[in-house]
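Input: a single structure, listed below in structure tokens.
What you are looking at is a predicted structure, and each value in this text was computed from that prediction instead of being measured.
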Amino acid sequence: MNVDASSLAPASDAPLAELAGCRARRTRRGVAVAVVGLLALTACTSDPGPKRVAEDIIKAEAFSNPDLDEECLLAELEKFSDDDLRQIESDLSASNSDSNDRGEAALVAYQRSLEACN
């Protein structure tokens with residue numbers, strides 16, 4: 001069987017650009033998930049407060065990952081106060097399901113807010 005090598009090459013650079021866009025979106029989502037995850041672990045025990053910890057994580061990730069929109073992520077984070085972030089952690093660790101449901105809903109809203117920076 002003879003296969004023409006040119007038939008294996010992409011027809012244009014469009015698939016490569018699309019792949020790069022997908023990777024950037026996954027990276028942004030990864031940062032949002034990382035910030036949420038670390039927030040949950042540090043919210044109550046963090047000296048500078050959960051918001052400052054999240055800011056530091058965003059800045060560090062943006063430094064090592066230039067595809068991230070640091071300004072957008074920080075602007076979205078600004079919509080949440082330390083008290084909001086502490087309340088999410090508190091609701092998630094509460095022993096009753098109403099608080100857990102409220103915490104999960106707030107956590108999803110927080111995560112979606114950060115993921116909006118595509």
Closest non-hydrogen atom pair between Ala106 and Ile88, with its separation:
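Here Ala106 and Ile88 meet closest at CB-CG1, 3.6 Å.
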
Minimal non-hydrogen separation, Leu92 against Gly103, with atom names
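The answer is CD2-C, 3.6 Å.
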
Do Cys117 and Glu76 come within less than 4.5 Å of each other through their side chains, counting heavy atoms only?
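Yes; the side chains approach each other to less than 4.5 Å.
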
Heavy-atom side-chain proximity of Asp84 to Tyr110 below 4.5 angstrom:
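Not in contact.
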
Partner set under side chain to side chain contact (heavy atoms under 4.5 Å, CB included) for [X], not counting sequence neighbours:
X	result
Asp83	Ser81, Arg86
Asp101	none
Glu70	Ile58, Lys59, Ala62, Leu74

Could you tell me the separation between the CD atom of Glu115 and the CG atom of Leu73, rounded to the nearest 0.5 Å?
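So the CD of Glu115 and the CG of Leu73 are separated by 10.5 Å.
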
Quick one: pull up CD in Glu78 and CD in Glu55 and give me the separation to the nearest 0.5 Å.
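Answer rounded to 0.5 Å: 6.5 Å.
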
Set of residues satisfying side-chain hydrogen bond (donor to acceptor under 3.5 Å, both in side chains) with respect to [X], sequence neighbours excluded:
X	result
Arg112	none
Asn100	none
Asn96	Ser99

From CA spacing to verdict: salt bridge (charged side-chain N to carboxylate O under 4.0 Å, His left out), Arg52, Asp56
CA-CA 6 Å; Arg52 175 61 191 272; Asp56 290 346; 3.2 Å; yes

